[in-house]
2 protein chains.
Amino acid sequence: MARPTVQDVAKTAGVSVGTVSRVLNGSSAVSEAAKEKVNAAIRQLSYRPLASARDLRRDRTMRVLALAKNLDSLVISEVFRGVGDAAADSGYVSLIAATDGDLDREQQLVDMLRNGSVDGLVIFSPTMPDDDVNTVAEQLSVIQVCEIVDAEAAFGVSIDDRQAAYDITKHLMDTGAKKLAMLAHRGARSGRLREEGFRQALTEQGLEPDQILFGEGNFGFHAGRTLARKLLKAKDRPDAVFCGTDVVAAGCVRELTDAGLRVPQDIAVAGFDDSAQAEMCVPELTTVRQPAYEMGRVAFAELLDRMTVPGAHRQGRTFLAHELVIRDSTK
Amino acid sequence: MARPTVQDVAKTAGVSVGTVSRVLNGSSAVSEAAKEKVNAAIRQLSYRPLASARDLRRDRTMRVLALAKNLDSLVISEVFRGVGDAAADSGYVSLIAATDGDLDREQQLVDMLRNGSVDGLVIFSPTMPDDDVNTVAEQLSVIQVCEIVDAEAAFGVSIDDRQAAYDITKHLMDTGAKKLAMLAHRGARSGRLREEGFRQALTEQGLEPDQILFGEGNFGFHAGRTLARKLLKAKDRPDAVFCGTDVVAAGCVRELTDAGLRVPQDIAVAGFDDSAQAEMCVPELTTVRQPAYEMGRVAFAELLDRMTVPGAHRQGRTFLAHELVIRDSTK
DNA sequence: TTGAAAGCGCTAACAC
DNA sequence: GTGTTAGCGCTTTCAA
């Protein structure tokens, strides 16, 4: 048989569709007897309310969408786990999609917010220009998390990437580094802020940055190796390297170690993110911990605000505390 | 102003709603002039068709949902990337959700298929019993990928986990191992199959398995370390260890190395998955490569079949070829 | 407490 | 080639 509708349930239960709907939505004004009859009919027919019909009437979906370029980072999956849990607590379902850095794909997904497929949007790493993000956010419920541009109009939840980079660079200098290099991720908003923090810390100590290298495209383990190799080509090699992510730091450490250098004695290496790779590296990486799960929870909370409180499109910036994790890759 | 509707567009363009709808859906029978007027009105009003209304009428959503316990594995994100790309090629959007191993959460997400929020479902690692998966799949469009129970009624896309484990165990024996241990993941369907393949390879050579250890709960880097420590407690330690995943193998290698053993000279270690960690490990891991991206693509292709061809709920099992990747952690 | 009925925004069948 | 209209399945008034 075709999919049962409220009509079918009503007929089977011997009541009107109104009553069925009231039972479905937990309305108080239903007699015990009617409620039982309806529930029996629902079970008998394996009835489920059709989402599109319900959404159309109610004008909301109780769904949110979380967007990122890719899902292969532990920070992202932790953030989205936080979003998912917080969403579930409020009766929402959170869906995830990867844009793959493709603008068209991203547009299509953002359109899911515009066309009412979802009530809200969490954006991790937008491909579109910041202005476009802001335009969407002006009219609809959007929150950014982690990768947020450093502008006045910016809004969203993240750590203070610049400060965090500043702090870990400071740690490198406090433990004796004089000649500091960085493997930077200029392709990411957070990466650019981390580079700024790095530079700032050096400047304050009257130091000039040694080499600042950045890869094209993929900023991963192999990029770390490749960039580290370049680092070693210099006549005077640095005595410390700050890497934009743990995975790149792991690649860097690997290359240095293979070249016969000791980390941290000959050269100290610091990462960023405190992802699983930080502990898997030998030596284990000194890094910065982002409270990823918590950031996801907070991001959803702010999104909920925008979705439920009319005109609550406040352009606020929420910073969560980062934490220096000192391990064995620095002195 | 409130959200514009087809009515508004029609009024602005000076045509009827029928014509607007025809333009929206690329129907041929529209004059060039009308098409232009409509498109102009759409732009002017920033009109987007409301998804729920459209879905309700069309009785489909052009969306699929991909489910997994968690998203923190590279195999999963690659599989889902494949699903997403294949879906996009066919005009579908693929959404992802994590169940976190929570049965209620999973039910709620599977309900999205039952209530028409999505047209199809890709299941990676179900929490629900296999019978339940089969029941859903009998009536609706479902495909399993990777984690598929080894039963007659099973359906879905994966490698032959048992054979792959058999092959790598054979490799271990071919390179001299006589006393083989395994760190097995009994919590996963694939893990149980890999254990079977391991046992079978040994049996065929007239060998008995040495220790087979399996962790409770999380099967990750730390589990690998913990289990490796147990391995070393035995009076006669094994000369080879087959690990259910690369990450566990990485933990195992780390613990062995820290204990002063040389891998592979003193003890060989093999992983599974060829995930990024395999290359990041020192020594780099011998492992089995799963064609994750391709599996995702194939899974969507089969799902598309079920969604579009009536009664195409074929209970087929598709195996993709795995590949032994010999690196430095085995002799 | 219940039933009848309007209508959410859209598509497609039908008439012209 | 275009306009009119009947619903898709649901929720929610409004009366009774």
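It should be emphasised that the depicted structure is a prediction, and the values quoted were computed from it without experimental measurement. Per chain, numbering begins at 1; letters A, B, ... match sequence-line order.
Summarising the geometry, the separation between CZ on B:Arg22 and P on C:dC10 is reported as 15 Å, rounded to the nearest angstrom. In this entry the distance linking NZ of A:Lys37 with P of C:dT2 reads 8 Å, nearest Å. Taking atom NZ of A:Lys11 as the reference point, atom C1' of C:dA4 lies 16 Å away to the nearest angstrom. In this entry the distance linking OH of B:Tyr47 with C1' of C:dG9 reads 7 Å, nearest Å. Protein atom CD of A:Gln7 is 11 Å distant from nucleotide atom C1' of C:dA5, rounded to whole Å. Per the geometry, CG belonging to B:Asn25 stands 6 Å off P belonging to C:dA12, to the nearest Å.
Judged purely by atom type and a 3.5 angstrom limit, A:Glu78 has no side-chain atom pairing as donor or acceptor with the backbone of A:Ala292. Formation of a donor-acceptor pair under 3.5 Å by the A:Glu147 side chain with backbone atoms of A:Phe124 is not found in this model.
Checking each of B:Leu24, B:Val23, B:Val6 against B:Val38 for a side chain to side chain contact (heavy atoms under 4.5 Å, CB included) leaves exactly one that passes, namely B:Val23.
Side chains of B:Ser158 and B:Arg317: a donor on one and an acceptor on the other come within 3.5 Å. A side-chain donor-acceptor contact under 3.5 Å links B:Glu302 and B:Thr318. When only modelled atom types and interatomic distance are considered, B:Thr61 and B:Asp55 share no side-chain donor-acceptor pair under 3.5 Å. With hydrogens and angles left out, the side-chain atoms of B:Ser117 and B:Asn115 include a donor and acceptor closer than 3.5 Å.
DNA chain C is contacted by B:Pro49, B:Leu50, B:Ala53, B:Arg54, B:Leu56, B:Arg57, B:Arg58 of residues 49-58 of chain B, taking any non-hydrogen atom closer than 4.0 Å.
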Report the C-alpha distance between A:Asp130 and A:Arg189 in whole Å, list the side-chain angles of each, state the deciding distance to 0.1 Å, and finish with yes or no for salt bridge (charged side-chain N to carboxylate O under 4.0 Å, His left out). CA-CA 10 Å; A:Asp130 297 305; A:Arg189 289 161 172 75; 2.9 Å; yes
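Within the 4.0 angstrom heavy-atom criterion, only backbone atoms of the sugar-phosphate kind lie near A:Ser31; the bases stay farther away. Counting non-hydrogen atoms under 4.0 angstrom, B:Thr19 reaches the backbone sugars and phosphates but no base.
Nearest-nucleotide assignment on DNA chain D puts the 5′-proximal partner with B:Glu32, out of B:Glu32 and A:Val6. Checking A:Val30 against A:Val17, the closest nucleotide of DNA chain C that is more toward the 5' end is the one next to A:Val30.
Closest approach of A:Ser141 to A:Leu113, counting heavy atoms only: O-CD2, 3.8 Å.
In summary, contact between chain B and DNA chain D, defined as any nucleotide atom under 4.0 Å from a heavy atom of the protein, begins and ends at D:dG1 to D:dG9 in the 5' to 3' direction.
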